[in-house]
Every structure is written in structure tokens, then in C-alpha cells.
Amino acid sequence: KCSTPFMDEIQSDIFTFRRGVHALSEGDADTAKQLTEPLLKKYPFCIGIIKLMIYILRKKDFDRNMQAISELIENGLKLYPEDGELLKLRLDFDYAVCGAGLLSAYIDAFHKTINGLTRLEIQDIVSENLDSCNTPEQLRDALTVLPDSVDFIKKYINTVLKADDPEAVCRLLEFIRDKKKALRTEYITMLTAVCEYFIGKKYAQRFACVLACESGDELEKMLKNAEDTAEDCFISGEILNKLGFTSKAFKSYLQAVELADEEGRLMFLLKKRFITKLIDLRTQLDYADNLTEIDVNTAEEKPAAEGNKSRVKLVYFCKWCESFGSLEKLSKAMFKLGFVQTVVDEDFSLDYMLELLDELQIPSEYKEEETDITSLSRLKLEGPQEDDKNLSV
């Protein structure tokens, strides 16, 4: 092997560093210090050596070495200001005095290090300060450090419920489903608590069971014995939607809207379902706007004729309306949900809906870059068309 004196020196220093780490792990801080001090003088900008010396001084005599430790931490942070391990060590100096006031800074440090021991220590600190986390924001941040802590999960759910923000409570439904494994036996209990916020105590457990159920057969059984109430109609709609019967589901939602109290929280969920349906329509119409056709003479792809696009949009719109049974029922529901100012079932046309979608700022899920002409099926409109040769979608 070919080596130089410089290479031999570097190798020797590496071995010395390793012996220092080993000595510290064995509890021999004196030996570790003797081995590491010369290295620190030789390599004052090596972050690994700086950290090793910090841990040695902490182990040897923390109180007597506080000044030296603080200087080493600051020197390290000048080199690496975003080093979570050093940030945590600096916070430790003030923790005894400030305590929970430093929690957000500890959480920030947690996300800036991959050191397993440092992360475990921060998790312990966060866990000790459960009582000081009293806002949804504080608890949400704490859950990024302790994502499976049942105590933090339950407190977060209860805090959001007390804040009485329907949008935030609605997001809890998905949050709880994501925490199913962590909650275990508490899963249905917490899901029921959130369902009760929207649908009342009488129907909360049934709604929670529908959300938690993963068996098609069980869902079909739940459809039986439903009462003629807004809550039961909504739950039936949820079951049908989950089973894939979208048209039948929205007929149940329509009935729920008719029966629901306009001031009740159930209306918030119903409005959410209708917004989803409006997004679906917007997506289909935007898709039609991007139809292309193949020129039979040049085999070149070009935008489809406007007449063809309009006809396809009308087909999509009519199909979309079928879910509601009648335009009159749809118009009345849209009025009660606050989407429109007056009931206009006779004028409920494609043009009207296009204007309404723009007015409501309904987004589209259509993404033009995903359209691949080679992978799409071809759509033929019924009847003779002059300009729809090989119309493709």
C-alpha cells in the first residue's frame, strides 16, 4: 500500500477520535478528554470533535464546565447554524428556568437532526409538557415529534372540538383515520366524538361505524332500518357513496338537504359533498375543453372543433345531472345550501352551471400534462358529424 506521512497522520487522528468516543461510552471522561483536547486544538472547525468535547465536559462536571460548553456550542453553531443537536444542547442551558416556554424551539431542533439519542431526549421533554400544550397549533406541532402518543392525539381532538371550527373539525375525521393504529381501542370512541359534533349524539355511533367499516357486506346491512330523518338520509348517502353507488348516494344527500335544519352542522357536511360533486363537473368540463382530434390527411393532432367540445360538455352535464333525479330538486338543494340566491330549476342549463362554477370558484382536478393521446380511448358522438373525424379524449 502506498501512503504518505500526511495520510498516516490523518489515520492516527481518526483512531484517536474513535478511542475518545469509546472511552466516553465506557464512562471514562478523563481519558476521553485527554485524547480529544489535542484533536480540538488541531482541528478547531471539525464539528464531530466539537460535539465530542461538549459531551465529555457535560459528563465530567457540567456545572464547572458550563462556560466552556457554551462556547463550544456557539462555535459549532457558527459553523452549522441549523444543526439540531447543537440547538438542543443550547436550549438545555435554559430549560430549567424557561421550561415549557422553549417547547417550540425544541420541536424545531427535533426536525433539524437525525441523531436518534437527541430525538429521544426531545421526545421526553415534549412528553413532559403535555399540560402546557393548550392550543390546536401547539398540539399539532407536538404531534410531529410524538405522532403516536395517544394522550396528545386525544387532547388535540378535544381541543379542536372545543374551538368549534367546522372546517377544522371536519379535518379531524381524516386525522383520526390516520391515527387508527395508534388509538387502537380508542379509535371508535374518538371518531364518534367528532361525528357527534356534526350529526348529534343519537346518530353519532352509527355514522362512526360507517366511516370505520371496511366490509361491503356490513355496509349493506347498515342500510336497513334507516329512518326518514336528515341524519339517516345523510348516513345512507355515505354508505352508498362508499359502496360506489354515487347517483343513489346523491339522491339520499338531496333528501337529507330537504329535511335538514338550515342552521345545523349537518349542512356543513352536506355542502362538502356537493362541492365534491361540483369539482367533478368542473373537471369533466375542463377535460372536454382540452379534447383533441387527429387530422385524417396529415395524421397531426390538433384541438377539437368548438362544436364537438360543446356537444361533449352537454353529454357530461346531462350525465352529471342524472345523479340528482331532477333539476328542480338540485336547484332547491343548491339554494338551501347557499350556492345560489334563488331557485331557478327551469334555467338550470349548462351555460348557467358554467357561470355558477366560475362564481363559486370551484377548482378542477384536470391536469393537461397527464393527457396522453396514445393511451386514450376514442369517443364517437351519436349522429352524423361534419367535423368530428376521429375525435379523441
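In this text, all values refer to a predicted model and were calculated from it rather than measured experimentally. Side-chain atoms are counted along with the backbone in the values below, which use heavy atoms only and exclude waters and symmetry mates.
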(request) Output yes when a side-chain donor or acceptor of N241 lies under 3.5 Å from a complementary backbone atom of G237, and no otherwise. (result) no

(message) Determine whether E231 and K202 satisfy the following criterion, side-chain contact (heavy atoms from CB on, under 4.5 Å), listing intermediate values before the conclusion.
(response) CA-CA 9 Å; E231 292 80 7; K202 180 179 178 181; over 6 Å; no

(request) State whether F339 and K271 meet the cation-pi test: NZ (Lys) or CZ (Arg) under 6.0 Å from the six-membered ring centroid, and within 45° of the perpendicular axis. (result) yes

(request) May I ask whether V340 and L354 are part of the same hydrophobic cluster, defined by side-chain heavy atoms of I, L, V, M, F, W, Y residues being less than 4.5 angstrom apart, directly or through others? (result) yes

(message) Does either side chain, that of Y203 or that of E196, offer a donor lying less than 3.5 Å from an acceptor on the other one?
(response) no

(request) Any chance you could measure D30, atom CG, to L24, atom CG, to the nearest 0.5 Å? (result) 11.0 Å

(request) Taking the side chain as every heavy atom from C-beta outward, state whether Q205 and C209 have any pair of such atoms under 4.5 Å apart. (result) yes

(message) Side chains of T292 and E301 only: does a donor on one sit below 3.5 Å from an acceptor on the other?
(response) yes

(request) May I ask you to check if R119 and F110 form a cation-pi contact, with NZ or CZ under 6.0 angstrom from the six-membered ring centre and within 45° of the axis? (result) yes

(message) Which heavy atom of L219 sits nearest to which heavy atom of I239, and what is that distance?
(response) O-CG2, 3.3 Å

(request) Kindly give the heavy-atom pair with the smallest separation between I176 and M190, and that separation in Å. (result) CD1-O, 3.6 Å

(message) Hydrophobic clusters here meaning ILVMFWY residues chained together by side-chain heavy-atom distances under 4.5 Å, can you tell me if Y253 and L173 are in one?
(response) yes

(request) Taking only Lys NZ, Arg NE, NH1 and NH2, and the carboxylate oxygens of Asp or Glu, determine whether K313 and D289 approach each other closer than 4.0 Å. (result) yes

(message) Under a 3.5 Å distance rule, please check whether S132 uses its side chain to pair with a backbone N or O of N129 as donor and acceptor.
(response) yes

(message) With a 4.5 Å cut-off on side-chain heavy atoms, are I188 and L183 touching?
(response) no

(request) Please check if the side chain of K155 supplies one atom and the backbone of P136 the other of a donor-acceptor pair under 3.5 Å. (result) no

(message) For the backbone of K154 and the side chain of N158, can you confirm whether one donor and one acceptor N or O come within less than 3.5 Å of each other?
(response) yes

(message) Would you compute the distance between atom OG1 of T159 and atom CG of L139 and round it to the nearest 0.5 angstrom?
(response) 5.0 Å

(request) Mind listing the closest non-hydrogen atom pair of C233 and D228 along with its distance? (result) SG-OD1, 4.3 Å

(request) Could you tell me whether R58 and D63 have a side-chain N and a carboxylate O separated by less than 4.0 Å? (result) no

(message) So L77 and I73, do their side chains get closer than 4.5 Å, heavy atoms only?
(response) yes

(request) Could you check E121 against N115 for side-chain contact (heavy atoms from CB on, under 4.5 Å), going step by step and ending with a plain yes or no? (result) CA-CA 10 Å; E121 289 174 1; N115 185 302; over 6 Å; no

(request) Please determine, by modelled atom types, if Q284 and D280 share a side-chain donor-acceptor pair under 3.5 angstrom. (result) yes

(request) Give a yes or no on whether Y43 and I56 share a hydrophobic cluster (residues Ile, Leu, Val, Met, Phe, Trp, Tyr; joining criterion: side-chain heavy atoms under 4.5 Å apart). (result) yes

(message) Would you say that K242 contacts M222 through its side chain, given a criterion of any heavy-atom pair below 4.5 Å between the two side chains?
(response) no

(message) I'd like to know if D28 and K59 make a salt bridge, using a cut-off of under 4.0 Å between side-chain N and carboxylate O.
(response) no

(request) Answer whether the closest heavy-atom distance between the side chains of V21 and R18 falls below 4.5 Å. (result) no

(request) Report the C-alpha separation of E167 and F268 in whole Å, then their side-chain angles, then the decisive distance to 0.1 Å, and conclude whether the side-chain contact (heavy atoms from CB on, under 4.5 Å) test is met. (result) CA-CA 8 Å; E167 190 67 50; F268 180 85; 3.4 Å; yes

(request) Any chance you could measure L35, atom CG, to T16, atom OG1, to the nearest 0.5 Å? (result) 6.5 Å

(message) Can you confirm whether the side chains of T276 and R273 place a donor and an acceptor under 3.5 Å from each other?
(response) no

(message) For residues I107 and L89: do they belong to one hydrophobic cluster (side chain heavy atoms under 4.5 Å, members Ile, Leu, Val, Met, Phe, Trp, Tyr)?
(response) no

(request) Decide whether Y106 and D92 meet the rule of one side-chain donor and one side-chain acceptor closer than 3.5 Å. (result) yes

(request) Taking K248 for its side chain and L240 for its backbone only, find out whether a donor-acceptor pair lies under 3.5 Å. (result) no

(message) Rounded at 0.5 Å granularity, tell me how far NZ in K336 sits from OG in S331.
(response) 14.0 Å

(request) Can you measure from OH (Y95) to CG (L103) and round to the nearest 0.5 angstrom? (result) 7.5 Å

(message) We want to know whether D164 and Y197 form a side-chain donor-acceptor pair, criterion being a heavy-atom distance below 3.5 angstrom.
(response) yes

(message) Taking the basic N atoms (NZ, or NE/NH1/NH2) and the acidic carboxylate oxygens, is any pair closer than 4.0 Å for K78 and E74?
(response) no

(message) For a 4.5 angstrom cut-off between non-hydrogen side-chain atoms, does L86 reach I47?
(response) yes

(message) Is it true that, when you exclude H22 itself, more than 12 heavy atoms of the residues, nucleotides or ligands shown sit nearer than 6.0 Å to its NE2?
(response) no

(message) In the structure I gave you, are the side-chain heavy atoms of K88 and T113 within less than 4.5 Å of one another anywhere?
(response) no

(message) Using the ring centroid of each side chain, check whether F198 and F207 are separated by less than 6.0 Å.
(response) no

(message) Between S236 (side chain only) and D232 (backbone N and O only), is there a donor and an acceptor less than 3.5 Å apart?
(response) yes

(message) I'd like to know if F324 and I275 are part of one continuous hydrophobic network [Ile/Leu/Val/Met/Phe/Trp/Tyr, side-chain heavy atoms within less than 4.5 Å].
(response) yes

(request) Take E9 and K42 through the side-chain contact (heavy atoms from CB on, under 4.5 Å) test and state the conclusion after the steps. (result) CA-CA 12 Å; E9 184 181 356; K42 191 173 183 180; 2.3 Å; yes

(message) On a heavy-atom basis, which atom in F45 and which in L79 lie closest, and how many Å separate them?
(response) O-CD1, 3.5 Å

(message) How close do K309 and P303 get, counting heavy atoms only, and between which atoms?
(response) NZ-CB, 4.3 Å

(request) Inspect the surroundings of CD1 in I114 and state if more than 12 heavy atoms from other residues, nucleotides or ligands are less than 6.0 Å away. (result) no

(message) Heavy-atom count check: over 12 atoms from other residues, nucleotides or ligands less than 6.0 Å from K112 NZ?
(response) yes

(message) So which atom in L266 and which in A260 form the shortest heavy-atom distance, rounded to 0.1 Å?
(response) CD2-CB, 4.5 Å

(request) Could you tell me whether the side chain of T36 and the main chain of A32 form a donor-acceptor pair under 3.5 Å? (result) yes

(request) Before accepting this row, confirm whether a basic side-chain N of the pair E365/R282 lies closer than 4.0 Å to the acidic partner's carboxylate O. (result) no

(message) Under 4.0 Å between a side-chain nitrogen and a carboxylate oxygen: does that hold for E258 and K332?
(response) no

(request) Calculate, to the nearest 0.5 Å, the distance between atoms NZ and CE belonging to K51 and M53 respectively. (result) 15.5 Å

(request) For residues M66 and F93, determine if any side-chain heavy atom of one lies less than 4.5 Å from a side-chain heavy atom of the other. (result) yes

